[in-house]
Amino acid sequence: MTAVPLVEARDLVKTYGSRRQHAVRAVNGVTLKLMRGETLGLAGESGCGKSTLGRLLLGLEAADSGSVDFNGSPLAPAGTAEWRRSRARMQMVFQDPLSALDRLLPIATQVREPLVIHKFGSQAQMDERVADLLNAVGLTAAQGRRLPGELSGGQRQRAVLARALATSPDLLVCDEPTSALDMLVQAQVLDLFAEIQSASGVAILFISHDLRALRRVSDRVAVMYLGSIVEEGPARQVLEAPRHPYTQALISSVPGVHGLNPHRILLGGEPPSPTQRRPGCAFHPRCASAVQACGQTVPAFRPASSPSHRVACHLLPTGGTPAAIARTVA
Amino acid sequence: MSDAVKQEERLGMEPRRLPSASICCAIGWLGLLLALGLFGRWLAPYDHTAIDLLDRLTPPVGFGGSFAHPLGTDELGRDLLSRLLVSIQMSVLIACGATLLGAILGTLLGFLAAHARGTVEQAILALVDFQATMPFLILALAILAFIGNSLVIFMGLLALHGWERYARIARGLALSANTQGYAGAVWQLGASPARIYLVHILPNVMATLIVSMTIAFPEIVLVESGLSFLGLGVQPPATSLGSMVGNGRDYLATAPWILIIPAATISLMALSVSLVGDWLRDRFERTGLR
Amino acid sequence: MRFVVARLARALMTILIVVSFAFVVLRLSGDPALAILTNEAPPEALLAFRQSWGLDQPVLVQYLTYLRTILGGDLGVSMRDGRDAFTVVAERIPITLAITIPALVISIAIGVTAGICAAFNPNSRLDRGIMLGAVAGFTVPSFVLGLLLVLVFSVWLGILPSGGAQHWTNAILPIVTLGVGSAATLARYTRAALLEVLDRPYVRTASAKGVPWRLTILSHALPNAAIPMVTILGFLVGQLIAGAVVVENVFSWPGVGRLLVASVASRDLAVVQCLLFFVAATMIAANIVADILYGLFDPRLRASGGDA
């Protein structure tokens, strides 16, 4: 653990909207580390601030407070020449590959673009690199000559991935990369991510609301609720033995082989609204096991089953097993 | 029920399609004008300024004239066919140049507004508002009064016509491309703004800009001919269709052909461009290339 | 309330830009002293002018002085007849209104009717005819149309005077010429607005319920189509002003447009500047009226405007 983390974020806060009453605190004090070659899955409902966190880590947007270090040094402000140069080291894969690609340019030209921008080498070297990239993501040279509109959704996402990998970045932020694809293609693309990850050693922040997708690719998983991370740890521990009540509810809602879990935890209360924030734990208005302290102070991170599995919940030391909590709620 | 179906059919026909015969005529006429604009000067049988006082006010062929001057002559005995060809060249040149300049200016300002945001964007939007509020002819007259006239000033002036439309379109499309689309993706690849706007956004908005140019072109032809008609546009010895009409108005009673020939040419040109523009817009809408 | 404030702020912004525009082109015209006064003005007059306008000051100071002078109501003196530029312009305004207002009224009557007729029978021969006529009316330059009318009614038929302003019959041809362009715009716009409304669910529902087609148009479609149509009022006024400049010169009608062209030709800058401000004021007023009418016609805006 002496190595410098690839990405280290401290106390990130990002608020949207200028008026105080309607301001949305999309990210509310997130501290996060991502090591080289590691895949961190970021889970949470839509609107919980996952995508914003991803954009903050990439330096696409500036945080209101807090800092992001990349390889031990802070990121340059977005739009500057230094920031543009740093893009060769970190890349993004988007949710909707069709809108992320220029509809008028052939796929190969777009895969080549980062090489041109970051002055990769001679024409011949670039040609070779593009061919390798297309091959690596499972596209043929003929498909590379087509326009984005002439490919399927999965093929387009492969093209976006090839483009993101062109400069051999250290970090890849994938924002819901499979949610626009159908189930079968999703599985293929997820396998591709895992394959690329082990082959190239790139670190991946994999943002998804789909827990099964996360489980398939992640080394570690962090769960976000209303702008804060509530639980974080090795993927197996978080997804199989969740300790935070929100994570437990989230996991119990995933349909299994036999359909919906009959003991699934149904969340009560109002849906989360990032504009009206209550004091204390963000989750307490909907938490079935909330105690008085939950409405008063924000819980700090504490190690759970292992030192690397951390949970922000007041109930942790005294709280019963997940199963017990599940029973009380059901 | 049948009424509703009929209505359905009526509505289904939108956007309207004009009979293709008229489109063909319009395209043919525009092609002819363009060719005459390019090569007309060399087809002209006489020098357009050559005066022949013995051969004044000759009517065109078919109205008592001879083939020496197929379209007749004006009050100074200048050959109208030659003047018409030179005028077409001048009008087409000015309108094309001004349309192109206006499109470039407006698109650049629109991109600048989308890129810079903040004060620069607000200033550009205020200018757009101003330009859209004021009748262009009045602004043009004011500038001509204050700055004076020359062919370069005149073309630059006409280029100011309609720039605000390109600016609006370019800004709107660039903003949406930046926030959610390909432009944002290319931006995070580390591309420079010049690359994003010129290599990616410009080709994507081109279709829409071209349709706007077909709308602006006939308007510029009208403003140019109007100003020239008023004697404030193209100055002699150069001549344009508008100044030919202005010239002919004093001989309306005695030699109406001096006026009718250039007037008909202008009207048909503007009408053709307008028809072709509508047709192009329909086609772009149908193919979704917008 | 917020809406009104925003509207006024925009109007002020436009006024500021118009004045700044005049300042910039005035500066570009060379020495404003020579431009506003005549070339033959005595040197002491030029000097006094330069000092009173602060031409020896930095540009920013000059700009502020200029703003103060203009907003103080001092619009300079006409070079051609030595009178106050404002007076020169003001006495021409009623003459122009005498042809523009009838043209506006007639074009609304004809244009809206034609548009409704076209929308009643979309893609019928009548519709195609009206729309082709509208395109023609929109694209044939007004000076060409005006001269053709002169050719037919004055030269060949000899029933209407070709120019001047001695008798009310002199106004007929200018009014018709002016009205054609606006009527064409209105016909196209009415048709488009109506057809758009006809495609909406409530109109489809009405006709599906068996309400007669024409009744549907009258009771459901027209009132709703009127809402977007109000917004082109500003455009129409602009079209009429630009049209008046050309038409008054075709028919020697001694209104504002003729004054403008004569002043531009003789570089009577004080008058041109005054006319520029007059047109800007008219356009701003027209747009504000359009906004108010829009608020009156659109119940949604009225409801939210009450408490906003």
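Lettering follows sequence order; numbering is per chain, from 1.
- Contact count against chain B (heavy-atom pairs under 4.5 Å) is highest for A:Leu101 among A:Leu101, A:Leu105, A:Val160.
- Of the two parts of A:Leu60, the backbone and the side chain both hold a non-hydrogen atom closer than 4.5 Å to a non-hydrogen atom of chain B.
- If you measure heavy-atom distances from A:Val116 to chain B, the contacts under 4.5 Å come from the side chain alone.
- When every heavy atom of B:Pro203 is checked against every heavy atom of A:Leu104, the shortest pair comes out as O-CD1, 3.3 Å.
- Listed here is the closest heavy atom pair of A:Ala100 and B:Ala185: O-CB, 3.3 Å.
- In this structure, CZ in A:Phe94 is found 13.5 Å from OH in B:Tyr182, a value given to the nearest 0.5 Å.
- The shortest heavy-atom contact between B:Val199 and A:Asp102 is O-OD2, 4.4 Å.
- In this structure, chain B has no heavy atom under 4.5 Å from any part of A:Leu98.
- When all heavy atoms of B:Gln188 and A:Gln91 are compared, the pair lying nearest together is NE2-OE1, 3.3 Å.
- With B:Leu189 as reference, A:Arg163 is the one residue of A:Arg163, A:Arg87, A:Arg84 to meet the side chain to side chain contact (heavy atoms under 4.5 Å, CB included) rule.
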